[in-house]
There are 2 protein chains.
Amino acid sequence: MEKEKLNTGKTITIYDIAEEAGVSASTVSRVLNGSASVRKEKKDRILDLINKYNFKPNALAKGLSDTATKTIGIITADVRNPYYSALFVACEMAAEKAGYRVNLTNTLNQIEREADSLDLFTQQKVDAIIQMGGRVDDLITDDSYAGKVRSIMSTTPVIVTGKLDKAPVLSVVIDEAEGMNLVMEHLISYGHEKIAMVGGNMSVASTFYKYQRYQENLKSRGIPERGEYVVNSSYDPESGYEAMNKIFELPEIPTAVIAINDFAASGIIRSIREHGLSIPEDISIVSFDNTYIADLTLPKLTSVDYNYKHFGEMLINTAIAAAKGEQCEAVQKVEPKLVLRESSGPVKR
Amino acid sequence: MEKEKLNTGKTITIYDIAEEAGVSASTVSRVLNGSASVRKEKKDRILDLINKYNFKPNALAKGLSDTATKTIGIITADVRNPYYSALFVACEMAAEKAGYRVNLTNTLNQIEREADSLDLFTQQKVDAIIQMGGRVDDLITDDSYAGKVRSIMSTTPVIVTGKLDKAPVLSVVIDEAEGMNLVMEHLISYGHEKIAMVGGNMSVASTFYKYQRYQENLKSRGIPERGEYVVNSSYDPESGYEAMNKIFELPEIPTAVIAINDFAASGIIRSIREHGLSIPEDISIVSFDNTYIADLTLPKLTSVDYNYKHFGEMLINTAIAAAKGEQCEAVQKVEPKLVLRESSGPVKR
DNA sequence: GGACTGTCTGAAACCGATTTCAATTCAATG
DNA sequence: CATTGAATTGAAATCGGTTTCAGACAGTCC
């Protein structure tokens with residue numbers, strides 16, 4: 001594959017350094033990696049040259065001969081979603097601290113792209129793959145995908161923020177049940193009993209688990225569940241808006257709404273405001289994810305936080321450990337915390 | 001570097017395929033790339049094996065022997081910022097369409113990380129580097145950074161969403177002046193004369209250019225500029241909030257506020273609401289970037305859009321062209337468009 | 001001084017692809 | 001049937017590193 005580059009600055013290699021220093025490439029390599037001792041005088045000469053030319057070893061060549069590339073692939077549904085971008089950046093920083101780097105792909109909720117990303121990372125010889133969102137969010141995983149993951153796992157560990165049936169992935173998952181417990185306790189301690197759960201889709205595991213715990217919390221406290229208070233839709237503002245509008249068609253309006261995430265919550269706020277009610281005086285809102293959106297809505301949102309920094313570290317650290325062949329716990333849990341802001345308060349109606 | 005992997009699935013190579021097919025690796029390579037004709041019968045046999053083993057050629061080895069890796073490095077200030085994430089995803093999609101892939105790093109506004117990213121991409125042998133934000137946003141670039149970029153450019157083209165003095169980078173920049181023209185025309189056509197410009201920092205080029213055009217627009221229409229109506233701060237909600245609070249200390253409150261971006265605008269909205277005024281009846285807001293935030297504030301923001309899809313395509317296409325050594329226009333402009341929403345209206349005071 | 005040890009060092013093989021070059025095979029032509 | 005140009009094919013070199021292996025050299029101990 002020839003190419004006529006206008007910008008033909010000769011790329012300098014380890015051999016160029018070796019030649020100018022009057023040593024062999026092996027010696028330069030040893031200096032570069034500190035993998036063996038080199039006579040001080042030569043070492044200094046080599047170091048000077050490396051510096052002079054600002055020489056950086058070719059990562060492709062290095063990755064080809066080493067067994068490890070020190071790179072972790074991350075598959076995300078969509079970094080434009082603040083939940084994913086927060087988690088991604090947390091991973092990037094954790095990886096950097098450990099001397100690794102990170103490669104990102106977005107599947108944009110297109111299922112083919114998920115498999116493609118797996119292939120891409122396989123070709124790039126990443127040391128481990130972290131998948132956040134997508135198939136691993138689904139309650140039931142289709143077999144062909146699990147099969148693909150299984151076959152990849154024979155060479156590269158896969159870590160997942162969710163679960164994947166029939167593939168021995170490692171999981172780092174949010175304790176959704178606990179998150180919902182926190183939310184319910186908070187609301188009920190404020191005297192709320194008419195509590196709606198708005199947004200999300202029950203075929204998504206994290207939503208389903210939340211719903212289960214929502215039910216259990218009501219039941220254990222003897223509060224009857226009202227089916228009409230659970231309105232599913234999706235995860236964006238528009239969906240939240242429309243779902244909340246449906247709630248306003250009910251004869252009895254709830255005093256509190258649990259939003260599936262901050263994004264949807266922003267739409268819920270809009271609906272409530274358009275109906276002339278105020279938050280939290282007339283209706284309290286609590287949501288999940290505690291992204292920066294929670295800080296810019298009016299009122300600011302009470303939201304369940306996952307400590308993204310720690311979450312990212314858990315993901316990266318288990319990815320690295322697994323890449324090194326160390327035994328890892330199959331399922332680790334992220335403990336949620338409720339961050340109180342302006343959108344929730346005592347029941348007043 | 002030895003490594004005992006628990007998951008020791010043997011990685012299969014082009015040689016394994018070749019051997020099982022009873023041909024040479026060269027032949028397999030030709031089938032893989034369609035680079036030369038291969039007898040149909042062998043071709044089929046090879047294709048079957050590739051399929052059977054789900055063989056993917058090692059991208060490192062490929063990149064090492066080819067001159068091109070078909071990869072573009074993207075340096076971003078922070079993907080958590082919706083402006084960058086929108087642009088990044090647009091680039092990713094444009095790249096994919098062209099058969100390239102994309103690598104992301106975030107500098108998190110730490111200047112060392114900017115230089116590090118440059119080095120990283122150099123090692124990874126990306127075909128081109130796109131830098132969005134960071135140094136290339138600064139009005140004056142320090143010499144050492146420009147020097148580094150210049151030296152990198154001898155082997156790898158650098159494309160920038162901004163400018164960089166003393167380095168022959170290619171630029172794809174937003175026409176800030178035109179953006180501000182649109183905003184000013186819009187507001188003035190609604191009868192606004194008391195117009196504030198809130199947020200941002202004048203050492204950032206894009207902000208400074210906007211300010212220049214803000215001044216010119218006032219002047220050319222004979223509206224006196226009021227220094228106290230220009231309040232600088234930063235680009236986040238909190239900064240917008242505080243800056244707007246300062247404006248409320250003035251004896252005469254403006255009828256319109258230009259926010260430096262949607263993010264800051266959300267804070268401005270908060271300040272206005274806390275002062276008991278309504279938008280747009282009492283104060284109109286127009287902002288820049290048209291990120292999804294513009295859609296979730298209450299009211300939704302009138303904001304200047306950059307057509308991220310097209311913007312990303314311009315960046316990627318010139319990156320690819322430059323990587324191929326084609327001559328490119330040194331500076332290309334992105335034409336902004338004003339998207340009208342709920343936050344701006346006719347002056348009423 | 002000879003044997004032994006430990007420190008440095010370079011040659012060569014290897015990682016997994018691509019590509020050049022020359023050889024071989026093949027079908028068609030006269 | 002010999003000739004010829006085109007279609008196939010494989011051996012070997014190459015990309016830029018790392019690592020093994022063995023040799024060279026220096027210092028230490030008896």
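Residue A/Ser37 places at least one side-chain N or O under 4.0 Å from the OP1 or OP2 atom of C/dC8. Dashed line: the shortest gap from a side-chain N or O of B/Lys62 to OP1 or OP2 of C/dT18 is under 4.0 Å. Remark: A/Ser29 is in phosphate contact with D/dT18, judged by side-chain N or O atoms under 4.0 Å from OP1 or OP2. Phosphate proximity of C/dG10 to A/Thr27: present, with a side-chain N or O under 4.0 Å from OP1 or OP2. Proximity of A/Lys42 to the phosphate of C/dC8: no side-chain N or O atom is located under 4.0 Å from OP1 or OP2. Listed pair A/Arg39 / C/dT9 meets the phosphate criterion, a side-chain N or O lying under 4.0 Å from OP1 or OP2. B/Asn33 has a side-chain polar atom (N or O) that falls below the 4.0 Å cut-off from OP1 or OP2 of C/dT18.
Spacing between atom CD1 of B/Ile14 and atom C1' of D/dG10 amounts to 13 Å, rounded to whole angstrom units. Summarising the geometry, the separation between CG on B/Leu32 and C1' on C/dA17 is reported as 9 Å, rounded to the nearest angstrom. Atom NZ of B/Lys125 is separated from atom P of D/dC15 by 13 Å (rounded to the nearest Å). Following rounding to the nearest Å, A/Leu60 (CG) and C/dT18 (P) show an atom-to-atom distance of 14 Å. Atom CG of A/Asp16 is separated from atom C1' of D/dG17 by 13 Å (rounded to the nearest Å). Look at NZ on A/Lys43: it is 19 Å from C1' on C/dG10, rounded to the nearest Å. Between the CZ atom of B/Phe55 and the P atom of C/dG16 there is a distance of 10 Å, rounded to whole Å. When the P atom of D/dC15 is taken as reference, atom CG of B/Asn58 falls 18 Å away, rounded to whole Å.
Using a 4.5 Å heavy-atom cutoff, the side chains of A/Asp16 and A/Phe55 are not in contact.
Listed candidates were C/dT18, C/dC15, D/dG17. Nearest to the side chain of B/Ser65 is C/dT18.
Of all heavy-atom pairs spanning A/Met132 and A/Thr161, the tightest one is CA-OG1, 3.3 Å.
Annotation for B/Gln110: atom CD counts as buried by contact number, over 12 foreign heavy atoms lying within 6.0 Å. For A/Lys309, the NZ atom is loosely surrounded, since the number of other residues' heavy atoms within 6.0 Å does not exceed 12.
Between A/Ser24 and B/Arg30, it is A/Ser24 whose nearest contact on DNA chain C lies nearer the 5' terminus. Residue order along DNA chain D, read from the 5' end via each residue's closest nucleotide, puts B/Tyr15 first among B/Tyr15 and A/Ala61.
Applying the 3.5 Å distance criterion, the base of C/dA17 shares no donor-acceptor pair with the side chain of B/Thr13.
Look at B/Arg113 and A/Glu96 and you find a salt bridge, because one of the NZ, NE, NH1 or NH2 atoms lies within 4.0 Å of a carboxylate O, short of that distance.
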